[in-house]
Amino acid sequence: MYGIIATWRMALEGITEADKMLKEGSSAGDAIETAVKAVEDFEYYKSVGYGGLPNEEMEVELDAAFMDGTTLDLGCVGGIKDFANPVSIARKLSKEPVNNFLVGAGAEKYAHRHGFERKNMLTERAKIHYHNRVVETSANTELKPYSGHDTVGMVCLDCEGNMTSATSTSGLFMKHPGRVGDSPVSGSGFYVDSNVGGASATGLGEDVMKGCVSYEIVRLMKDGMHPQQACEKAVKEFDADLKRRRNKAGDMSLIAMNNKGEWGCATNIEGFSFAVATENEDPTVYLVKFDEDGKQYFEVASKEWMDNYMKTRTAPLVRK
Ligand code: GLY
């Protein structure tokens, strides 16, 4: 059995490519890196890689991680600037005996030394978003972080039973320079153990980190839960806990897959989508919906939804 699952519709093209690779016997490491890179390279996704939205000083700072669920090797970068594919740098770091998590200038020096592609990640479109946000908030004087957090997070299983997880994000739009979210933090943004399965998160990093939610899902799967049950239990209980203690809970959406290729997803927001492909299922985008009793269910995205998604993402932007 093989498979790959990822947060958000934006992962579809990447997981489609990964699905083909897995079918032909590629490793979970190569397949997931290829899938995440496809998202990082697409300039219209404004929260990952090239085209990602900048911090309050108009600089794009990127976070990414890679974990091998068989060796438990992990590599992470935080606040890295001007490199095309942070996930590849994270993967390379995962092979190091120490110094696996590098941030800022240290991460950039490492990437430079190892020949990773340099690229100015700030697009003209991202500059317009920045400008418009400054104009919109000038009346309030304070720049507020953007409320969307569309990190790409994935879990992958190959035919040999090896599993990986990887994430990539530009984090919060208008974040403070140096702010790092959950995405490169093991147990929070991602976790994978080939003996069990893996999970990955998107949402408000500051809250996801309070509950180490990815690790919690893997732990529940280790206790025998199906990925769907594990995701629902972890997200529901932690969302309620945050609300009890703090009166609010940030956005939190998790995807998971176990080492049999069974998968699950849970969220505390409206409008979440995810993409999945397995040996038994062609690449598919699901939308997460809630019924009148607040029970979550999935719907396959319609052609109209898919067309509209791309139209909205690529629509011309007007400078205010
Ligand atoms: N989940 C991404 C972030 O908070 O940076």
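For ligands, and for the atoms within them, numbers begin at 1 and follow the listed sequence.
Look at R244 and E237 and you find no salt bridge, because none of the NZ, NE, NH1 or NH2 atoms lies under 4.0 Å from a carboxylate O.
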(message) I'd like to know whether D158 forms a side chain to side chain contact (heavy atoms under 4.5 Å, CB included) with S26, so could you lay out the CA-CA distance, the side-chain angles of the two residues, the decisive distance to 0.1 Å, and finally the verdict.
(response) CA-CA 7 Å; D158 67 26; S26 283; over 6 Å; no
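Ring geometry for W263 against Y286 counts as tilted: the plane angle lies between 30° and 60°, on a 0 to 90° scale.
Here OG of S200 is found 8.0 Å from CG of D182. Values are rounded to the nearest 0.5 Å.
Environment of CZ in R246: sparse, with no more than 12 heavy atoms of neighbouring residues, nucleotides or ligands closer than 6.0 Å.
Annotation: Y45 is not in aromatic contact with W8 [ring centroid separation under 6.0 Å not met].
Distances between N or O atoms of G205 and those of ligand 1 include at least one value under 3.5 Å. Residue contacts with ligand 1: T151 is placed with a nitrogen or oxygen under 3.5 Å of a nitrogen or oxygen of the ligand (distance criterion only). Between D63 and ligand 1, a contact under 3.5 Å exists for no N or O pair. Looking at T169 next to ligand 1, no N or O pair under 3.5 Å apart turns up. Taking distance alone, with nitrogen or oxygen atoms compared against 3.5 Å, G171 stays at or beyond that limit from ligand 1.
Ligand 1 does not have K175 within reach: every non-hydrogen atom of the residue lies 4.0 Å or more from it.
If you number the atoms of ligand 1 from 1 as listed, the ones under 4.0 Å from a heavy atom of S183 come out as 1 (N), 2 (C). Residue G203 has at least one heavy-atom neighbour below 4.0 Å for each of these atoms of ligand 1: 1 (N), 2 (C), 3 (C), 4 (O). Close approach of ligand 1 to D182 (heavy-atom distance below 4.0 Å) involves ligand atoms 1 (N), 2 (C), 3 (C), 4 (O). Each of the following atoms of ligand 1 lies closer than 4.0 Å to a heavy atom of G181: 5 (O).
With F116 as the aromatic partner, K92 does not meet the cation-pi criteria of under 6.0 angstrom to the ring centre and within 45 degrees of the ring axis.
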